[in-house]
Amino acid sequence: MKQYKNLIYAIVAVVLAATVWFMPEEWLFLGDISVTEHRMAAIFVFTALFWVLEPVPAWVTSITSMLLMLFTVSTGGLDVAMTDIPNTDMVSYTDILISFADPVIIMFIGGFVIAEVASANGLDKRMAKIILKPFGTKPKWVLLGLLLSTATISMFVSDTATAAMMVTMVLPVIKSLPAGDKGKTALALTIALGSTIGGVGTPIGTPPNAIALKYLNDPAGFNLNIGFGQWAMVMIPVVIIIAVITWLILVKAFPFTVKKIKIDTVADKDAAPLPKWKHITIITTIIVTIGLWVTDRLTGLETSVVALIPPVVFGITGIFTSKDLKSLEWSVLWMFSGGFALGTCMEKTGLASHFVQAIPFDTMPIVLMVILAALMCWALSVFISNTATAAMMMPIMVAVGLSNLDDLAPWGGVTVLLMGIALAASFAFVLPVSTPANSIAYSTGAVQTKQMAWVGIAVGMIAMSLSFIVLFCGGYRLMM
(Lines give C-alpha, C1' and ligand atoms only; values in the text may rest on other atoms or scores of the structure.)
Protein backbone atom coordinates (compact mmCIF):
# COMPACT_ATOMS: atom_id res chain seq x y z
CA MET A 1 0.00 0.00 0.00
CA LYS A 2 2.80 2.40 0.93
CA GLN A 3 4.55 1.72 -2.38
CA TYR A 4 1.43 2.66 -4.34
CA LYS A 5 1.00 5.84 -2.28
CA ASN A 6 4.64 6.82 -2.87
CA LEU A 7 4.24 6.14 -6.60
CA ILE A 8 1.20 8.43 -6.74
CA TYR A 9 3.08 11.14 -4.84
CA ALA A 10 6.02 10.85 -7.24
CA ILE A 11 3.80 11.04 -10.32
CA VAL A 12 1.95 14.10 -8.99
CA ALA A 13 5.22 15.88 -8.19
CA VAL A 14 6.76 15.10 -11.58
CA VAL A 15 3.61 16.19 -13.46
CA LEU A 16 3.41 19.51 -11.58
CA ALA A 17 7.12 20.17 -12.10
CA ALA A 18 6.81 19.33 -15.81
CA THR A 19 3.83 21.68 -16.07
CA VAL A 20 5.93 24.53 -14.68
CA TRP A 21 8.79 23.60 -17.02
CA PHE A 22 6.67 23.79 -20.18
CA MET A 23 4.25 26.61 -19.30
CA PRO A 24 4.77 30.06 -20.89
CA GLU A 25 7.01 32.38 -18.85
CA GLU A 26 4.28 34.99 -18.41
CA TRP A 27 2.13 32.44 -16.54
CA LEU A 28 4.70 32.35 -13.73
CA PHE A 29 4.01 36.00 -12.79
CA LEU A 30 7.70 36.58 -12.13
CA GLY A 31 8.31 39.21 -14.77
CA ASP A 32 11.01 38.90 -17.42
CA ILE A 33 12.95 35.81 -16.38
CA SER A 34 15.70 33.88 -18.15
CA VAL A 35 15.48 30.32 -19.42
CA THR A 36 17.63 29.08 -16.56
CA GLU A 37 15.34 30.81 -14.02
CA HIS A 38 12.34 29.16 -15.65
CA ARG A 39 14.01 25.76 -15.42
CA MET A 40 14.99 26.42 -11.81
CA ALA A 41 11.35 27.20 -10.97
CA ALA A 42 10.39 23.74 -12.25
CA ILE A 43 13.28 22.06 -10.40
CA PHE A 44 12.31 23.95 -7.25
CA VAL A 45 8.71 22.64 -7.49
CA PHE A 46 10.01 19.10 -8.10
CA THR A 47 12.44 19.22 -5.16
CA ALA A 48 10.05 20.89 -2.72
CA LEU A 49 7.25 18.43 -3.43
CA PHE A 50 9.56 15.41 -3.16
CA TRP A 51 10.98 16.68 0.13
CA VAL A 52 7.51 17.27 1.57
CA LEU A 53 5.74 14.18 0.22
CA GLU A 54 8.86 11.97 0.58
CA PRO A 55 8.08 9.27 -2.03
CA VAL A 56 11.82 8.55 -1.89
CA PRO A 57 14.31 9.25 0.94
CA ALA A 58 15.21 12.94 1.33
CA TRP A 59 18.85 12.36 0.39
CA VAL A 60 17.78 10.73 -2.90
CA THR A 61 15.66 13.79 -3.69
CA SER A 62 18.62 16.06 -2.96
CA ILE A 63 21.07 14.21 -5.16
CA THR A 64 18.48 13.94 -7.96
CA SER A 65 17.84 17.66 -7.74
CA MET A 66 21.58 18.36 -7.99
CA LEU A 67 21.85 16.16 -11.08
CA LEU A 68 18.94 17.98 -12.74
CA MET A 69 20.56 21.34 -12.02
CA LEU A 70 23.94 20.18 -13.30
CA PHE A 71 22.36 18.90 -16.53
CA THR A 72 20.06 21.83 -17.28
CA VAL A 73 21.28 25.12 -15.75
CA SER A 74 25.04 24.71 -15.24
CA THR A 75 28.15 25.29 -17.32
CA GLY A 76 28.74 21.55 -17.16
CA GLY A 77 25.30 20.70 -18.56
CA LEU A 78 24.25 18.90 -21.71
CA ASP A 79 25.19 20.87 -24.84
CA VAL A 80 21.80 20.19 -26.40
CA ALA A 81 20.04 21.51 -23.30
CA MET A 82 22.13 24.70 -23.13
CA THR A 83 21.79 25.79 -26.75
CA ASP A 84 21.29 29.55 -27.16
CA ILE A 85 21.60 30.17 -23.39
CA PRO A 86 24.25 32.82 -22.59
CA ASN A 87 27.06 31.71 -20.29
CA THR A 88 26.19 34.58 -17.98
CA ASP A 89 22.81 32.97 -17.28
CA MET A 90 24.33 29.61 -16.38
CA VAL A 91 25.52 28.53 -12.94
CA SER A 92 29.09 27.26 -12.68
CA TYR A 93 28.96 23.51 -12.14
CA THR A 94 31.68 23.89 -9.49
CA ASP A 95 29.36 26.18 -7.48
CA ILE A 96 26.86 23.33 -7.36
CA LEU A 97 29.30 20.50 -6.64
CA ILE A 98 31.09 22.52 -3.96
CA SER A 99 27.94 22.11 -1.85
CA PHE A 100 29.37 18.73 -0.82
CA ALA A 101 32.20 20.58 0.94
CA ASP A 102 30.28 23.53 2.31
CA PRO A 103 31.60 24.63 5.74
CA VAL A 104 28.34 23.52 7.36
CA ILE A 105 28.86 20.01 5.96
CA ILE A 106 32.31 19.95 7.57
CA MET A 107 30.65 21.13 10.77
CA PHE A 108 28.25 18.18 10.54
CA ILE A 109 31.11 15.74 10.08
CA GLY A 110 32.90 17.05 13.17
CA GLY A 111 29.72 16.83 15.23
CA PHE A 112 28.94 13.34 13.97
CA VAL A 113 32.47 12.14 14.78
CA ILE A 114 32.17 13.46 18.35
CA ALA A 115 28.78 11.77 18.75
CA GLU A 116 30.07 8.49 17.32
CA VAL A 117 33.17 8.38 19.54
CA ALA A 118 31.27 9.46 22.64
CA SER A 119 28.60 6.83 22.02
CA ALA A 120 31.08 4.02 21.34
CA ASN A 121 32.83 4.67 24.65
CA GLY A 122 29.81 5.42 26.84
CA LEU A 123 30.89 9.02 27.37
CA ASP A 124 27.64 10.33 25.91
CA LYS A 125 25.65 8.61 28.67
CA ARG A 126 27.77 10.12 31.40
CA MET A 127 27.53 13.58 29.83
CA ALA A 128 23.77 13.25 29.47
CA LYS A 129 23.40 12.17 33.09
CA ILE A 130 25.29 15.28 34.26
CA ILE A 131 23.22 17.58 32.05
CA LEU A 132 19.89 16.00 33.09
CA LYS A 133 20.58 15.91 36.84
CA PRO A 134 19.13 19.39 37.60
CA PHE A 135 15.88 18.51 35.78
CA GLY A 136 15.04 15.33 37.68
CA THR A 137 13.69 12.23 35.99
CA LYS A 138 10.16 13.22 34.94
CA PRO A 139 10.15 13.26 31.12
CA LYS A 140 8.28 16.53 30.65
CA TRP A 141 10.69 18.43 32.93
CA VAL A 142 13.69 16.81 31.28
CA LEU A 143 12.31 17.95 27.92
CA LEU A 144 11.81 21.51 29.18
CA GLY A 145 15.29 21.59 30.70
CA LEU A 146 16.90 20.41 27.47
CA LEU A 147 14.89 22.90 25.42
CA LEU A 148 15.82 25.88 27.62
CA SER A 149 19.45 24.76 27.88
CA THR A 150 19.73 24.41 24.11
CA ALA A 151 18.06 27.78 23.50
CA THR A 152 20.35 29.50 26.01
CA ILE A 153 23.53 28.09 24.44
CA SER A 154 22.28 29.05 20.98
CA MET A 155 22.05 32.73 21.99
CA PHE A 156 25.85 32.85 22.01
CA VAL A 157 26.92 29.89 19.82
CA SER A 158 25.85 29.11 16.24
CA ASP A 159 22.79 26.91 15.91
CA THR A 160 24.86 24.29 14.06
CA ALA A 161 27.47 24.09 16.81
CA THR A 162 24.75 24.05 19.48
CA ALA A 163 22.92 21.19 17.79
CA ALA A 164 26.19 19.29 17.28
CA MET A 165 26.93 19.59 21.00
CA MET A 166 23.43 18.79 22.23
CA VAL A 167 22.83 15.77 20.01
CA THR A 168 25.62 14.01 21.92
CA MET A 169 23.68 14.54 25.17
CA VAL A 170 20.22 13.83 23.75
CA LEU A 171 20.96 10.62 21.83
CA PRO A 172 21.45 8.48 24.98
CA VAL A 173 18.14 9.78 26.33
CA ILE A 174 16.40 8.85 23.07
CA LYS A 175 18.00 5.40 23.12
CA SER A 176 16.95 4.86 26.74
CA LEU A 177 13.26 5.07 25.81
CA PRO A 178 11.33 1.98 24.72
CA ALA A 179 10.45 1.44 21.06
CA GLY A 180 7.29 3.27 20.05
CA ASP A 181 7.61 5.96 22.72
CA LYS A 182 6.62 9.25 21.04
CA GLY A 183 8.86 11.06 23.48
CA LYS A 184 11.77 10.13 21.20
CA THR A 185 10.36 12.50 18.59
CA ALA A 186 9.87 15.27 21.14
CA LEU A 187 13.52 14.97 22.24
CA ALA A 188 14.81 15.03 18.65
CA LEU A 189 12.73 18.11 17.83
CA THR A 190 14.07 19.78 20.97
CA ILE A 191 17.51 19.84 19.33
CA ALA A 192 16.17 21.45 16.16
CA LEU A 193 13.77 23.96 17.68
CA GLY A 194 15.84 24.91 20.72
CA SER A 195 18.99 25.52 18.66
CA THR A 196 17.15 27.84 16.28
CA ILE A 197 14.73 29.61 18.61
CA GLY A 198 17.47 30.66 21.03
CA GLY A 199 19.44 32.35 18.27
CA VAL A 200 16.93 35.20 17.93
CA GLY A 201 17.55 36.26 21.54
CA THR A 202 20.77 38.17 20.88
CA PRO A 203 22.25 40.10 17.94
CA ILE A 204 25.04 37.52 17.63
CA GLY A 205 22.80 34.45 17.93
CA THR A 206 22.17 34.05 14.22
CA PRO A 207 23.50 35.74 11.02
CA PRO A 208 20.14 37.31 9.96
CA ASN A 209 20.15 39.28 13.24
CA ALA A 210 23.59 40.68 12.43
CA ILE A 211 22.51 41.54 8.88
CA ALA A 212 19.46 43.45 10.17
CA LEU A 213 21.61 45.38 12.68
CA LYS A 214 24.10 46.24 9.96
CA TYR A 215 21.41 48.19 8.11
CA LEU A 216 19.67 49.57 11.19
CA ASN A 217 22.91 50.91 12.73
CA ASP A 218 24.63 52.06 9.54
CA PRO A 219 25.77 55.69 10.19
CA ALA A 220 25.13 56.48 6.53
CA GLY A 221 21.68 54.93 6.71
CA PHE A 222 19.18 54.69 9.58
CA ASN A 223 21.87 55.17 12.31
CA LEU A 224 19.63 53.81 15.10
CA ASN A 225 22.54 52.62 17.27
CA ILE A 226 20.73 49.52 18.57
CA GLY A 227 23.01 47.67 20.99
CA PHE A 228 23.36 44.11 22.28
CA GLY A 229 21.50 44.87 25.51
CA GLN A 230 18.60 46.62 23.79
CA TRP A 231 18.05 43.71 21.41
CA ALA A 232 18.39 41.12 24.18
CA MET A 233 16.07 43.01 26.55
CA VAL A 234 13.24 42.76 24.01
CA MET A 235 13.93 39.36 22.45
CA ILE A 236 15.09 37.12 25.33
CA PRO A 237 11.66 37.27 27.04
CA VAL A 238 10.13 36.44 23.64
CA VAL A 239 12.50 33.47 23.31
CA ILE A 240 11.48 32.18 26.75
CA ILE A 241 7.76 32.43 25.93
CA ILE A 242 8.25 30.74 22.54
CA ALA A 243 10.30 27.98 24.18
CA VAL A 244 7.59 27.30 26.76
CA ILE A 245 4.88 27.24 24.06
CA THR A 246 7.06 24.88 22.01
CA TRP A 247 7.49 22.65 25.07
CA LEU A 248 3.71 22.50 25.60
CA ILE A 249 3.16 21.57 21.94
CA LEU A 250 5.80 18.81 22.07
CA VAL A 251 4.50 17.37 25.35
CA LYS A 252 0.95 17.30 24.02
CA ALA A 253 1.73 16.03 20.51
CA PHE A 254 4.41 13.49 21.45
CA PRO A 255 3.62 12.23 24.97
CA PHE A 256 6.11 10.04 26.81
CA THR A 257 4.94 6.56 27.79
CA VAL A 258 7.59 6.18 30.49
CA LYS A 259 7.14 7.81 33.89
CA LYS A 260 10.85 8.33 34.52
CA ILE A 261 13.93 8.83 32.38
CA LYS A 262 16.88 6.92 33.71
CA ILE A 263 20.06 6.41 31.72
CA ASP A 264 22.09 3.30 32.40
CA THR A 265 25.73 4.36 32.46
CA VAL A 266 27.11 0.88 33.13
CA ALA A 267 29.61 -0.04 30.44
CA ASP A 268 28.85 -2.82 27.98
CA LYS A 269 30.23 -6.05 29.47
CA ASP A 270 31.33 -7.26 26.04
CA ALA A 271 33.20 -4.05 25.26
CA ALA A 272 36.96 -3.92 25.81
CA PRO A 273 38.01 -1.56 28.62
CA LEU A 274 39.13 1.80 27.28
CA PRO A 275 42.81 2.62 27.96
CA LYS A 276 43.24 5.62 30.22
CA TRP A 277 45.15 7.64 27.62
CA LYS A 278 42.32 7.19 25.12
CA HIS A 279 39.77 8.24 27.70
CA ILE A 280 41.77 11.39 28.47
CA THR A 281 42.27 12.09 24.75
CA ILE A 282 38.53 11.85 24.03
CA ILE A 283 37.49 14.08 26.94
CA THR A 284 40.23 16.64 26.25
CA THR A 285 39.42 16.81 22.53
CA ILE A 286 35.70 17.26 23.14
CA ILE A 287 36.30 19.95 25.77
CA VAL A 288 38.75 21.82 23.51
CA THR A 289 36.40 21.59 20.52
CA ILE A 290 33.35 22.79 22.44
CA GLY A 291 35.46 25.50 24.10
CA LEU A 292 36.64 26.79 20.72
CA TRP A 293 33.08 26.69 19.36
CA VAL A 294 31.86 28.77 22.28
CA THR A 295 34.71 31.29 22.01
CA ASP A 296 34.81 31.57 18.22
CA ARG A 297 34.29 35.35 18.35
CA LEU A 298 37.31 35.69 20.64
CA THR A 299 39.65 33.39 18.74
CA GLY A 300 38.50 34.24 15.23
CA LEU A 301 38.32 30.52 14.40
CA GLU A 302 35.37 29.50 12.23
CA THR A 303 33.22 26.75 13.76
CA SER A 304 33.67 24.59 10.65
CA VAL A 305 37.47 24.83 11.01
CA VAL A 306 37.27 23.79 14.66
CA ALA A 307 35.02 20.88 13.63
CA LEU A 308 37.98 19.22 11.91
CA ILE A 309 39.87 18.85 15.19
CA PRO A 310 37.99 15.71 16.42
CA PRO A 311 38.37 13.75 13.14
CA VAL A 312 42.09 14.60 12.99
CA VAL A 313 42.90 13.83 16.63
CA PHE A 314 40.73 10.71 16.84
CA GLY A 315 42.00 9.51 13.45
CA ILE A 316 45.69 9.92 14.32
CA THR A 317 45.27 8.18 17.66
CA GLY A 318 43.24 5.32 16.17
CA ILE A 319 40.20 6.11 18.33
CA PHE A 320 38.16 6.72 15.17
CA THR A 321 38.81 4.20 12.38
CA SER A 322 37.80 3.64 8.75
CA LYS A 323 35.10 1.29 9.99
CA ASP A 324 33.70 4.04 12.21
CA LEU A 325 33.78 6.43 9.25
CA LYS A 326 31.31 4.24 7.39
CA SER A 327 28.81 4.56 10.22
CA LEU A 328 28.46 8.36 9.94
CA GLU A 329 25.12 9.76 8.74
CA TRP A 330 26.19 10.25 5.13
CA SER A 331 22.57 10.36 3.97
CA VAL A 332 22.05 13.51 6.06
CA LEU A 333 25.18 15.10 4.58
CA TRP A 334 23.99 14.35 1.04
CA MET A 335 20.49 15.60 1.85
CA PHE A 336 21.73 18.93 3.17
CA SER A 337 24.21 19.31 0.28
CA GLY A 338 21.25 19.17 -2.08
CA GLY A 339 19.58 21.92 -0.11
CA PHE A 340 22.68 24.11 -0.45
CA ALA A 341 22.85 23.42 -4.18
CA LEU A 342 19.18 24.35 -4.65
CA GLY A 343 19.72 27.62 -2.80
CA THR A 344 22.88 28.38 -4.78
CA CYS A 345 21.16 27.90 -8.13
CA MET A 346 18.10 29.92 -7.10
CA GLU A 347 20.39 32.78 -6.13
CA LYS A 348 22.84 32.53 -9.05
CA THR A 349 20.11 32.35 -11.71
CA GLY A 350 18.26 35.27 -10.11
CA LEU A 351 15.07 33.28 -9.48
CA ALA A 352 15.04 33.95 -5.72
CA SER A 353 15.38 37.68 -6.31
CA HIS A 354 12.57 37.61 -8.86
CA PHE A 355 10.34 35.88 -6.29
CA VAL A 356 10.84 38.83 -3.95
CA GLN A 357 10.59 41.53 -6.60
CA ALA A 358 7.36 40.05 -7.96
CA ILE A 359 5.53 41.22 -4.81
CA PRO A 360 4.39 44.89 -5.08
CA PHE A 361 5.28 45.85 -1.50
CA ASP A 362 5.09 49.59 -2.21
CA THR A 363 1.40 49.44 -3.09
CA MET A 364 0.30 47.62 0.09
CA PRO A 365 -1.02 48.87 3.42
CA ILE A 366 1.93 49.17 5.82
CA VAL A 367 1.01 46.38 8.24
CA LEU A 368 0.28 43.99 5.36
CA MET A 369 3.60 44.95 3.74
CA VAL A 370 5.58 44.17 6.91
CA ILE A 371 3.81 40.86 7.53
CA LEU A 372 3.95 39.74 3.89
CA ALA A 373 7.67 40.57 3.70
CA ALA A 374 8.24 38.38 6.76
CA LEU A 375 6.16 35.54 5.31
CA MET A 376 8.06 35.78 2.02
CA CYS A 377 11.37 35.58 3.91
CA TRP A 378 10.07 32.66 5.97
CA ALA A 379 8.92 30.73 2.88
CA LEU A 380 12.23 31.21 1.06
CA SER A 381 14.23 30.28 4.17
CA VAL A 382 12.49 26.91 4.27
CA PHE A 383 14.45 25.98 1.14
CA ILE A 384 17.38 28.45 1.07
CA SER A 385 19.76 29.24 3.91
CA ASN A 386 18.30 31.85 6.25
CA THR A 387 21.48 33.90 5.95
CA ALA A 388 21.28 34.01 2.14
CA THR A 389 17.58 34.87 2.25
CA ALA A 390 18.08 37.69 4.75
CA ALA A 391 21.06 39.04 2.80
CA MET A 392 19.00 39.05 -0.39
CA MET A 393 15.84 40.59 1.08
CA MET A 394 17.33 43.24 3.39
CA PRO A 395 18.56 45.67 0.69
CA ILE A 396 15.22 45.43 -1.12
CA MET A 397 13.22 46.09 2.05
CA VAL A 398 15.57 48.90 3.09
CA ALA A 399 14.66 50.67 -0.16
CA VAL A 400 10.96 50.00 0.51
CA GLY A 401 11.37 51.26 4.07
CA LEU A 402 13.07 54.48 2.96
CA SER A 403 10.18 55.27 0.62
CA ASN A 404 7.62 54.63 3.38
CA LEU A 405 9.29 56.13 6.46
CA ASP A 406 6.34 58.30 7.50
CA ASP A 407 3.80 55.49 7.09
CA LEU A 408 6.02 53.01 8.96
CA ALA A 409 6.65 55.35 11.91
CA PRO A 410 3.40 54.59 13.85
CA TRP A 411 4.12 50.84 13.57
CA GLY A 412 7.71 50.88 14.74
CA GLY A 413 9.46 52.18 11.64
CA VAL A 414 12.16 50.27 9.80
CA THR A 415 13.14 48.56 13.06
CA VAL A 416 10.04 46.39 12.95
CA LEU A 417 10.35 45.86 9.18
CA LEU A 418 13.96 44.65 9.19
CA MET A 419 13.77 42.81 12.52
CA GLY A 420 10.66 41.05 11.26
CA ILE A 421 12.59 39.76 8.26
CA ALA A 422 15.50 38.59 10.43
CA LEU A 423 13.19 36.77 12.85
CA ALA A 424 11.15 35.19 10.05
CA ALA A 425 14.34 33.81 8.49
CA SER A 426 15.25 32.15 11.79
CA PHE A 427 11.78 30.68 12.37
CA ALA A 428 11.76 28.72 9.08
CA PHE A 429 12.49 25.31 10.63
CA VAL A 430 10.06 23.21 8.58
CA LEU A 431 12.05 20.57 6.67
CA PRO A 432 15.21 18.60 7.48
CA VAL A 433 17.04 20.76 4.91
CA SER A 434 15.71 24.06 6.29
CA THR A 435 18.38 24.47 8.98
CA PRO A 436 21.52 22.56 9.99
CA ALA A 437 19.93 21.96 13.41
CA ASN A 438 16.94 20.31 11.71
CA SER A 439 19.25 18.03 9.75
CA ILE A 440 21.13 17.02 12.90
CA ALA A 441 17.82 16.28 14.65
CA TYR A 442 16.68 14.28 11.62
CA SER A 443 19.89 12.24 11.78
CA THR A 444 18.77 10.73 15.11
CA GLY A 445 16.15 8.71 13.22
CA ALA A 446 13.54 9.65 15.82
CA VAL A 447 11.61 12.19 13.74
CA GLN A 448 9.90 11.95 10.37
CA THR A 449 9.75 14.74 7.80
CA LYS A 450 5.98 15.19 8.16
CA GLN A 451 6.30 15.45 11.95
CA MET A 452 9.05 18.04 11.65
CA ALA A 453 7.02 19.93 9.03
CA TRP A 454 3.78 20.39 10.94
CA VAL A 455 5.53 21.20 14.22
CA GLY A 456 7.87 23.60 12.42
CA ILE A 457 5.00 25.40 10.71
CA ALA A 458 2.96 25.63 13.92
CA VAL A 459 5.83 26.87 16.08
CA GLY A 460 7.09 29.17 13.32
CA MET A 461 3.72 30.87 12.85
CA ILE A 462 3.23 31.25 16.61
CA ALA A 463 6.76 32.59 17.04
CA MET A 464 6.39 35.14 14.23
CA SER A 465 2.97 36.24 15.50
CA LEU A 466 4.25 36.70 19.05
CA SER A 467 7.33 38.57 17.85
CA PHE A 468 5.28 41.01 15.79
CA ILE A 469 2.81 41.55 18.63
CA VAL A 470 5.69 42.47 20.94
CA LEU A 471 7.34 44.72 18.36
CA PHE A 472 4.12 46.41 17.19
CA CYS A 473 2.93 46.97 20.76
CA GLY A 474 5.95 48.93 21.86
CA GLY A 475 8.91 46.56 21.88
CA TYR A 476 10.56 48.68 19.20
CA ARG A 477 10.57 51.69 21.56
CA LEU A 478 12.93 49.86 23.92
CA MET A 479 15.47 49.70 21.10
CA MET A 480 15.43 53.41 20.31
*Are side-chain N/O atoms of Ser92 and Thr94 paired as donor and acceptor at under 3.5 Å?*
yes
*May I ask you to check whether over 12 heavy atoms, not counting those of Phe100, lie within 6.0 Å of atom CZ?*
yes
_Side-chain heavy-atom pair Phe256, Leu187 within 4.5 angstrom cut-off_ = yes
*Given the rule in the side-chain contact (heavy atoms from CB on, under 4.5 Å) test, do Val455 and Phe254 qualify, once you have shown the distances and angles that lead to the verdict?*
CA-CA 11 Å; Val455 172; Phe254 307 105; 3.7 Å; yes
*Of the non-hydrogen atoms in Ile105 and Ser99, which two are nearest, and what is the gap between them?*
CG1-O, 3.5 Å
*Ignoring hydrogens and geometry, is there a side-chain-to-backbone donor-acceptor pair from Ser443 to Ile440 under 3.5 Å?*
yes
*asked:* Is a donor from one side chain sitting under 3.5 angstrom from an acceptor on the other, for Thr349 and Glu37?
replied: no
*Between Thr202 (side chain) and Met155 (backbone), is there a donor-acceptor pair under 3.5 Å?*
yes
_Minimum heavy-atom separation for Cys345 and Met69, please, with both atom names._
SG-SD, 3.4 Å
_Side-chain touch Phe314/Ile282, heavy atoms, less than 4.5 angstrom_ = yes
_Heavy-atom donor-acceptor pair, Lys184 side chain to Leu177 backbone, under 3.5 Å_ = yes
*Donor-acceptor pair, His38 side chain versus Phe22 backbone, under 3.5 Å?*
no
*Which distance, rounded to the nearest 0.5 Å, do you find between the OG of Ser74 and the CG of Leu68?*
11.0 Å
*Near Ile98 CD1, under 6.0 Å, is it more than 12 heavy atoms from other residues, nucleotides or ligands?*
no
*What's the verdict on side-chain contact (heavy atoms from CB on, under 4.5 Å) for Lys323 and Lys326, showing C-alpha distance, side-chain angles and the deciding distance?*
CA-CA 5 Å; Lys323 182 179 178 181; Lys326 295 176 183 177; 5.6 Å; no
*asked:* Applying side-chain contact (heavy atoms from CB on, under 4.5 Å) to Met452 and Val430, what does each step give before you reach the verdict?
replied: CA-CA 6 Å; Met452 183 174 283; Val430 176; over 6 Å; no
*Pairwise side-chain contact, Thr72 with Ile43, heavy-atom cut-off 4.5 Å (strictly under)*: yes
*Trp51 and Phe383 aromatic ring geometry - parallel, tilted or perpendicular at 30°/60° bounds*: parallel
*Look up atom CD1 in Ile249 and atom CH2 in Trp454, then write down how far apart they are to the nearest 0.5 Å.*
7.0 Å
*Would you call Thr285 and Ile309 a side-chain contact if the rule is heavy atoms closer than 4.5 Å?*
yes
*asked:* Looking at Ala161, is its backbone amide N or carbonyl O close enough to the side chain of Ser158 to form a donor-acceptor pair, meaning the two atoms are under 3.5 Å apart?
replied: yes
*For Tyr93, does the OH atom sit with more than 12 other heavy atoms under 6.0 Å from it, leaving out its own atoms?*
no
*Considering the options Thr196, Leu193, Val200, which one meets the side-chain contact (heavy atoms from CB on, under 4.5 Å) requirement together with Phe427?*
Val200
*Thr162 side chain to Ser195 side chain, donor-acceptor N/O pair below 3.5 angstrom*: no
*Once you round to the nearest 0.5 Å, how far does CD1 of Ile421 lie from CH2 of Trp378?*
16.0 Å
*Find out whether Val258 and Pro178 are in side-chain contact, i.e. whether some heavy atom of one side chain is under 4.5 Å from a heavy atom of the other.*
yes
*Would you find a donor on one side and an acceptor on the other, under 3.5 Å apart, between the side chain of Thr444 and the backbone of Ala441?*
yes
*Hey, does Thr257 have a side-chain heavy atom less than 4.5 Å from the side chain of Lys182?*
no
*If you draw a 6.0 Å radius around CH2 in Trp334, do more than 12 non-hydrogen atoms from other residues or ligands fall strictly inside?*
no
*What are the two closest non-hydrogen atoms of Ile174 and Ala188, and how far apart are they?*
CD1-N, 4.1 Å
*Validation row: Leu423, Ser426 side chains within 4.5 angstrom (heavy atoms)*: no
_With rounding to the nearest 0.5 angstrom, report the CE to OG distance, Met392 to Ser381._
8.0 Å
*Has the side chain of Arg39 got a donor or acceptor atom that lies under 3.5 Å from a matching backbone atom of Val73?*
no
_Thr64 vs Thr47 side-chain heavy atoms within contact, under 4.5 Å_ = no
_Could you walk me through whether Lys140 and Trp247 satisfy the side-chain contact (heavy atoms from CB on, under 4.5 Å) test, starting with their C-alpha distance in whole Å, then the side-chain angles of each, then the deciding distance to 0.1 Å, before giving a yes or no?_
CA-CA 8 Å; Lys140 66 177 183 178; Trp247 169 64; 4.2 Å; yes
*Would you check if there is a donor-acceptor pair between the side chains of Asn438 and Thr435 at a distance under 3.5 Å?*
yes
*For the atom pair CD (Glu329) and CH2 (Trp59), what is the distance rounded to the nearest 0.5 Å?*
12.5 Å
*Are Asp95 and Thr344 close enough that a side-chain donor and a side-chain acceptor fall under 3.5 Å?*
no
_For a quick check under 3.5 Å, do Thr36 and Ser34 share a side-chain donor-acceptor pair by atom type?_
yes
*Any idea how Phe108 and Phe112 line up, ring-wise: parallel (<30°), tilted (30 to 60°), or perpendicular (>60°)?*
parallel
*Could you pull out the closest heavy-atom pair between Pro103 and Ser304, with the gap in Å?*
O-CB, 3.1 Å
*Inter-residue atom distance Phe429.CZ - Ile457.CD1, 0.5 Å rounding*: 11.0 Å
*Verify whether one side chain among Thr321 and Asp324 offers a donor that lies under 3.5 Å from an acceptor in the other.*
yes
*So, for Met335 and Val433, which heavy atoms are closest and what is the spacing to 0.1 Å?*
CG-CG1, 3.5 Å
*Please report the closest heavy-atom contact between Asp159 and Ser154, naming both atoms and the distance.*
CA-OG, 4.0 Å
